[in-house]
Amino acid sequence: MAGIVCAIRGGPSSQPTIDRAIQLAKEEDLQIHFLYVVNLDFLAHTNKSRVQTLDKEMHQMGEFILISAQDRAMSRGIHADGVVRKGVIADEIISLARDVEADYVILGSPQVETEANVFTRQRMEAFSQRISDESGAEVVLVEDQTA
Amino acid sequence: MKRRWSSLLAAAFLAVLAGLMAWPGGGTAAQADQGPVLVGFIHNAQNQPVAGVHVQLVSSKTGTSVADTQSQPDGRFALQIEHHLQGQLEIKADREHFESITIPVSQTLLTELQGGQSIEIPTITLTRRIGISFWIATAIFLLVLVLIAMEGLQNTLAVLVGTTLVFGFSYLGSAINPDLFIFNFSRALEFIDWNVIFLIMGMMIVIAVVERTGLFQWLGYFAYRVSRGKAWLMVPILMVTAGVASAFLDNVTTMLLMTPISIQIAMALGIQPLALLMPEVLGSNVIGISTLIGTPTNILIGSAGKISFSDFLINLTPGVLMSMVGLIIYCEWIYWKELRAATHPSPTLLEMLEENAQITEPDNLKKAGVVGAGMIVLFVTGEFFHMVPSVTALMGATALLLWIGPDIEEMIEAVDWTTLVFFIGLFVVVGAIQEVGLVDLIAQGIGHLVGENLLLTTMAIIWSSALLSTVIANIPFTAAMLPVIAFLSGTVPGASDKVLYYSLSVGSAMGGNGSLIGASANLVTAGIAERAGYPISYMYFLKRGFPALLITVALSTLWLYFHFLP
């Protein structure tokens, strides 16, 4: 297997990332593996015990978001599948990139820089390097046009 | 088989617990007829009873104690005289955090006592002593509020830190300086409202069963079906659906489970998900206050103010309906552009949506429906049997565990112990500021400001609690305000019909709509929306939520004015 791993979160800020993945897939004739990572850290401060309750719902929502992205890719003639995983976002991107032996990993730039956001600009370069080192994939960063 | 037995055991435990809680109080033992009794009451400066006062009848000459006792929760004390009385006597009343008082017994009363006649003396009023423990308890309470507000620590950990500091000063600190004493462990336990703890626990078990059935997701999809995909119509249906679910279960669970499906509906229709989510969460915060069990603040208020399930329905629902009409119009207005942008739904997404919104456990849902209906009947009629709501919740939880026989370990995990510990710790920390007199001072201050004007007092409670709830967590705020409300209800003419409790309920819950941090349901909704790529910033929520607060609180104020005030 090979292809492009495209980690998305959904919403308008993911659209440039999806479009870039589609464009690259066309240029390189590759399959896209869209990835949605379920991460419920936001419940840690108030509702930690509800993580299990929400797990299934977030998984379904992730599938829904991926289906939208897959539809978009397929309407432009690109074969795409979707994977929902649970855990730390950075680790899951690397893990999928390894699993599918990805040629490229497409990442969106952060919309808002916060401590909680794993994709702060400062971390992005180190993270890109880590992906390259650990998976052998080339990392493509996409600037968010909606920010 | 093992699962079945463990479910039965857990159910039996809950049943016994419910029985124990329903059992009428044993009452005090009949007083032995051994001699004359000197009785009286001890109040504070706000005319509230003071419990735990060490009352002694002592000889004025030698200081020898002739009789001693402790005042009861209603402030009453009874000194049993077992010895022959000689010489001048005086009554001494001592209690931590109050100035000690000595009152001479008049010759007339003394003669009556010596003649074997029981007497009642006028109420003794104790004055607060503002010592170092007052400032320490106040600082600890503020520290807990700040830690919660700034998310410096997880909420439960924050109150545990507060509780530990209170006991640390009371036990270890007072060994160095006795003035550091706040209260001991057994006194602290008196401040814990076990009706609240068991009501929340029972409802958590009921909710844990219901949430697994897929009901919330189905409700979201139901709103889509009924509105036939018309977004403008779907908004009020979703608001009312989420609100009613919040009123009978709880709004955090409702939003936790309805937010993902609402996002999917919005995506399928091609509209901005926040145009559905914001009205939903605002509506759930508003309608939630119609019932005793709809919000944690109502559970606190109902238990402290002895307000029944039906009292909440009768006295708040009309105001809530008025507020909802205003809120729906407001939401349609602010999101009109987004709602009109709905496109033709994607067939693939709709198919998936329908699949995700299935009732997954129909049998359990039917059983939960039957038990839920029984619980509502008991909540409404329970007051006739003097049955506290926590007993109904425990009975409902027991019935569901027996009937459905779920994995008991899963059910125990579903109980949010963290929240229960949070409430227990909170009661102790708030109890500490009550013990040292901070709450009395606040009550006195508000009393001076509003005088005996009921309208002014009602307005002050509603609007101050609404505005404060936008910046501080409304649960600790409500817990701290309840003794103040109890005081004002007893001193402001016309407030005895609990209008001030309803005012606090309206203010603290609807105030949650004013900012992102105002209610847990807001944070949960924002967290899930952000995970779907639709972040709700603090300012975004404030711009849309604060006007909603003004509209809904104003309309509810209007209702309370016409319903309660002459």
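Numbers restart at 1 for each chain; the letters A, B, ... are given by sequence-line order, proteins then strands. What you see is a predicted model; the values in this text were computed from it and never measured.
The distance from the CE atom of B:Met267 to the CD1 atom of A:Ile67 is 10.0 Å, given to the nearest 0.5 Å. Annotation: the span from B:Met352 atom CE to A:Glu63 atom CD amounts to 4.5 Å, rounded to 0.5 Å. Atom CD of B:Glu355 sits about 11.0 Å away from atom CZ of A:Phe64, to the nearest 0.5 Å.
The local environment of CZ in A:Arg76 is crowded, with over 12 non-hydrogen atoms from other residues, nucleotides or ligands closer than 6.0 Å. Atom CD of B:Glu351 sits in a sparse spot, with 12 or fewer heavy atoms from other residues, nucleotides or ligands closer than 6.0 Å. Around the CG atom of A:Asp29, the shell of radius 6.0 Å holds no more than 12 heavy atoms that belong to other residues, nucleotides or ligands.
Using a 4.5 Å cut-off between heavy atoms, A:Asn39 touches chain B through backbone and side chain atoms alike. Proximity to chain A (any heavy atom under 4.5 Å) is shown, for B:Ser262, by neither the backbone nor the side chain. No part of B:Leu157 comes within reach of chain A, as not one of its non-hydrogen atoms sits under 4.5 angstrom from that chain. Only the side chain of B:Gln217 comes within less than 4.5 Å of a heavy atom in chain A; its backbone stays farther off. Neither the backbone nor the side chain of B:Ala526 comes within less than 4.5 Å of any heavy atom in chain A.
Within the 4.5 Å cutoff, no side-chain heavy atoms of A:Arg9 are placed close to those of B:Tyr534. Within the 4.5 Å cutoff, the side chain of A:Met61 has heavy atoms near those of the B:Ile528 side chain.
When all heavy atoms of B:Arg531 and A:Met58 are compared, the closest pair comes out as CB-CE, 3.5 Å. B:Gly533 and A:Pro12 get closest at one heavy-atom pair: O-CD, 3.7 Å.
By the side chain to side chain donor-acceptor pair (under 3.5 Å) test, B:Ser469 is found to be paired with no residue, residues two or more places apart in sequence or in another chain being considered.
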Please output the side-chain donor-acceptor pairs of residues 254-261 of chain B that fall under 3.5 Å, not counting sequence neighbours, one pair per line with the distance.
residue	atom	partner	partner atom	Å
B:Thr254	OG1	B:Asp250	O	2.8
B:Thr259	OG1	B:Met255	O	2.5

